[in-house]
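Here's the structure, in structure tokens; my notes come after.
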Number of protein chains: 2
Amino acid sequence: MGKGEATRERILEIAEAAVLAKGFGATSIDEVIAEAGLTKSGFFYHFKDKNALAREMLRRYVKTNDQLFDDIFARGRQLSDDPLQAFLISLKLLAEVMADLPNGHPGCLIASVCYQERLFDREVRELTAQSVRDWNARFRHILDGIAAVHPPREPIDLDDLADMMSCIVDGAIIMSKTLNDPSRLERQILIFRSCVKLIFSAPSLS
Amino acid sequence: MGKGEATRERILEIAEAAVLAKGFGATSIDEVIAEAGLTKSGFFYHFKDKNALAREMLRRYVKTNDQLFDDIFARGRQLSDDPLQAFLISLKLLAEVMADLPNGHPGCLIASVCYQERLFDREVRELTAQSVRDWNARFRHILDGIAAVHPPREPIDLDDLADMMSCIVDGAIIMSKTLNDPSRLERQILIFRSCVKLIFSAPSLS
DNA sequence: CAGAAACTGTACTTGCGGTACGGTTTTGAC
DNA sequence: GTCAAAACCGTACCGCAAGTACAGTTTCTG
């Protein structure tokens with residue numbers, strides 16, 4: 001890894017923390033480079049503009065997040081052969097991980113971008129959209145495996161249920177931040193878990 | 001109503017649309033006043049700074065939203081005496097209202113503020129927090145009424161379930177915007193409805 | 001050692017939020 | 001109709017942040 005790459009990483013790390021804390025618009029380049037210990041020229045050597053910074057931040061964020069979810073859901077499958085049990089275990093693990101983050105979940109960059117639409121170019125917006133689609137597909141796949149073994153009682157659209165996971169997490173992050181109460185995120189994941197449990201393990205109506 | 005109040009209303013309406021579309025930081029005062037047909041001096045006559053604008057926008061938004069929810073949940077209670085049925089009907093109505101918005105739900109101002117924290121002063125942030133708390137209390141109250149008649153099968157924390165409503169809506173708005181698919185919001189409300197139905201009307205496990 | 005990569009420094013442009021302040025029109029109460 | 005307050009307009013200005021331009025310098029690497 002060249003020295004340039006290390007600097008880029010440092011910039012991205014500092015910028016991500018600042019953006020999640022204050023929003024993209026409120027994060028100035030001056031502030032980032034001051035903390036990173038380089039000059040404006042140095043910054044624009046690595047990123048042609050703020051949009052390029054956003055793009056790389058997103059790529060980084062999505063990658064890290066995917067890794068986390070891969071780990072957690074793989075761990076769930078290790079702990080149970082039943083796909084429903086595996087998913088429920090993973091959700092519990094996810095809740096614990098989210099609760100253990102010292103100052104709550106740092107926030108969701110995708111949502112941050114969402115509420116700043118026009119600040120970003122098409123490429124950035126397409127990147128966020130694709131990552132959400134990937135997320136949904138991931139959960140959809142898990143739910144398919146569950147439904148094959150445990151047919152849901154009520155006619156539930158599995159696509160919508162997969163979407164629900166992302167919605168809950170994003171919504172809970174917002175609530176955690178707004179109310180300054182990190183525990184909400186954990187609790188929302190657990191109540192979603194209860195819903196999944198009910199949907200797939202409820203006995204049939206006579 | 002004085003002429004000043006009418007102007008203030010016009011500014012707030014234009015600003016709200018712009019902020020929901022592009023975020024607070026990306027909405028310039030110049031742009032708002034151009035559309036409102038007045039000058040910078042005129043703007044600062046009504047709002048001492050951008051924060052004051054945000055504050056009044058939020059008050060307006062929360063008020064309008066509360067009114068909408070009051071109507072919908074009152075209508076639900078009109079249509080059924082059973083609190084569970086009334087709530088389920090209201091959720092269906094809510095989903096329909098959200099689906100009927102021509103370009104999807106305009107977005108949630110609270111979330112917009114959430115991701116711009118440092119741009120706003122303490123008063124604005126406290127306003128958003130309070131409105132979320134009020135929202136949650138509203139749903140908690142409805143759920144209390146339901147649980148009194150239909151004890152939930154699994155031990156479900158009603159506070160968390162009340163929170164879930166807000167989380168779903170906020171999360172679904174983000175997803176709708178990100179994927180440019182207004183139907184997601186409607187579908188998420190309906191699947192939340194299914195969950196509520198399952199929780200309160202599922203038969204006991206033998 | 002050479003050349004490429006990784007910067008620094010300075011100077012400038014643009015756009016936005018915000019201030020200052022004097023002047024002008026509009027409105028509503030008497 | 002009068003008169004003061006309310007509701008503006010115009011102009012000029014400040015500071016900050018994004019971004020450009022470009023020449024020069026250091027640092028790594030083959």
Side-chain angles (χ1 to χ4, degrees), chain A residues 1-58 112-113 115-124, chain B residues 1-19 21-58 112-113 115-125:
Chain A
M1 180 174 74
K3 195 190 166 199
E5 204 167 328
T7 304
R8 250 189 311 276
E9 263 302 304
R10 208 168 68 248
I11 293 174
L12 286 171
E13 196 155 346
I14 292 167
E16 184 177 307
V19 168
L20 287 174
K22 313 185 294 186
F24 192 76
T27 300
S28 73
I29 293 176
D30 283 337
E31 169 196 346
V32 171
I33 63 179
E35 205 178 326
L38 82 166
T39 64
K40 217 172 195 178
S41 315
F43 175 86
F44 284 106
Y45 173 76
H46 290 291
F47 304 96
K48 70 176 263 270
D49 55 22
K50 238 187 157 189
N51 242 302
L53 176 67
R55 203 163 44 236
E56 294 311 312
M57 270 176 57
L58 268 173
S112 189
V113 169
Y115 282 103
Q116 306 272 329
E117 275 193 76
R118 303 294 155 85
L119 241 60
F120 303 101
D121 57 27
R122 237 185 56 81
E123 199 185 338
V124 171
Chain B
M1 182 174 74
K3 194 189 167 201
E5 204 168 328
T7 304
R8 252 190 310 276
E9 263 301 304
R10 206 169 69 248
I11 293 174
L12 286 172
E13 196 155 347
I14 293 166
E16 184 176 308
V19 168
K22 315 185 295 186
F24 192 77
T27 300
S28 72
I29 293 176
D30 283 336
E31 170 196 346
V32 171
I33 62 180
E35 206 178 328
L38 79 167
T39 64
K40 221 171 192 179
S41 315
F43 175 86
F44 284 105
Y45 173 76
H46 291 291
F47 303 96
K48 69 177 264 269
D49 55 21
K50 238 186 156 186
N51 244 302
L53 176 67
R55 205 164 41 239
E56 294 312 311
M57 270 176 57
L58 269 173
S112 189
V113 169
Y115 282 104
Q116 307 273 328
E117 276 194 74
R118 305 293 155 86
L119 242 60
F120 303 101
D121 57 27
R122 238 184 54 81
E123 198 184 340
V124 172
R125 292 202 300 272

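Note on naming: letters A, B, ... go to the chains in the order of the sequence lines (proteins, then strands), and numbering restarts at 1 for each one. Every heavy atom of this structure was used, including side-chain atoms; hydrogens, water molecules and symmetry mates were not. What you are looking at is a predicted structure, and each value in this text was computed from that prediction instead of being measured.
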Figure out the [atom1]/[atom2] separation between [X] and [N], and round it to whole Å.
| X | N | atom1 | atom2 | value |
| --- | --- | --- | --- | --- |
| F44(A) | dA18(D) | CZ | C1' | 6 Å |
| K48(A) | dA21(D) | NZ | C1' | 16 Å |
| L53(A) | dG19(D) | CG | C1' | 14 Å |
| N51(B) | dG18(C) | CG | C1' | 13 Å |

If I take atom [atom1] from residue [X] and atom [atom2] from residue [Y], how far apart are they, to the nearest 0.5 angstrom?
| X | Y | atom1 | atom2 | answer |
| --- | --- | --- | --- | --- |
| E9(B) | I14(B) | CD | CD1 | 11.0 Å |
| T7(B) | H46(B) | OG1 | NE2 | 4.5 Å |
| L12(A) | R10(A) | CG | CZ | 11.0 Å |
| T27(A) | E16(A) | OG1 | CD | 11.0 Å |

Quiz prompt | Nearest non-hydrogen partners of R8(B) and F47(B), listed with the distance | solution = CG-CZ, 3.7 Å
Would you list the atom pairs, donor with acceptor, under 3.5 Å between side chains in residues 32-41 of chain B and any protein atom, with sequence neighbours excluded?
{"residue": "T39(B)", "atom": "OG1", "partner": "G42(B)", "partner atom": "N", "Å": "3.4"}

Practice problem: Just report the end-to-end axis angle for the helix from dC1(C)-dG30(D) to dC30(C)-dG1(D), five pairs per end, to 10 degrees. | Solution: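 One end axis against the other gives 30°.
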Quiz item: Side chain of K50(B), backbone of I29(B): donor and acceptor closer than 3.5 Å?
Solution: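 A pair under 3.5 Å: no.
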Practice problem: Mind telling me whether Y115(A) and Y115(B) have parallel, tilted or perpendicular rings, with 30° and 60° as the class edges? | Solution: parallel
Self-check item: Neighbours of DNA chain C within residues 15-35 of chain A, by heavy-atom distance under 4.0 Å
Solution: none
Quiz item: Sequence neighbours excluded, which residues qualify as side-chain hydrogen bond (donor to acceptor under 3.5 Å, both in side chains) partners of K22(A)?
Solution: E31(A)
Quiz prompt | With D121(B) via salt bridge (charged side-chain N to carboxylate O under 4.0 Å, His left out) - residues at least two apart | solution = R55(B)
Quiz item: Just by protein heavy atoms under 4.0 Å, how would nucleotides 6-11 of chain D read 5' to 3' in B, S and -?
Solution: SBBBBB
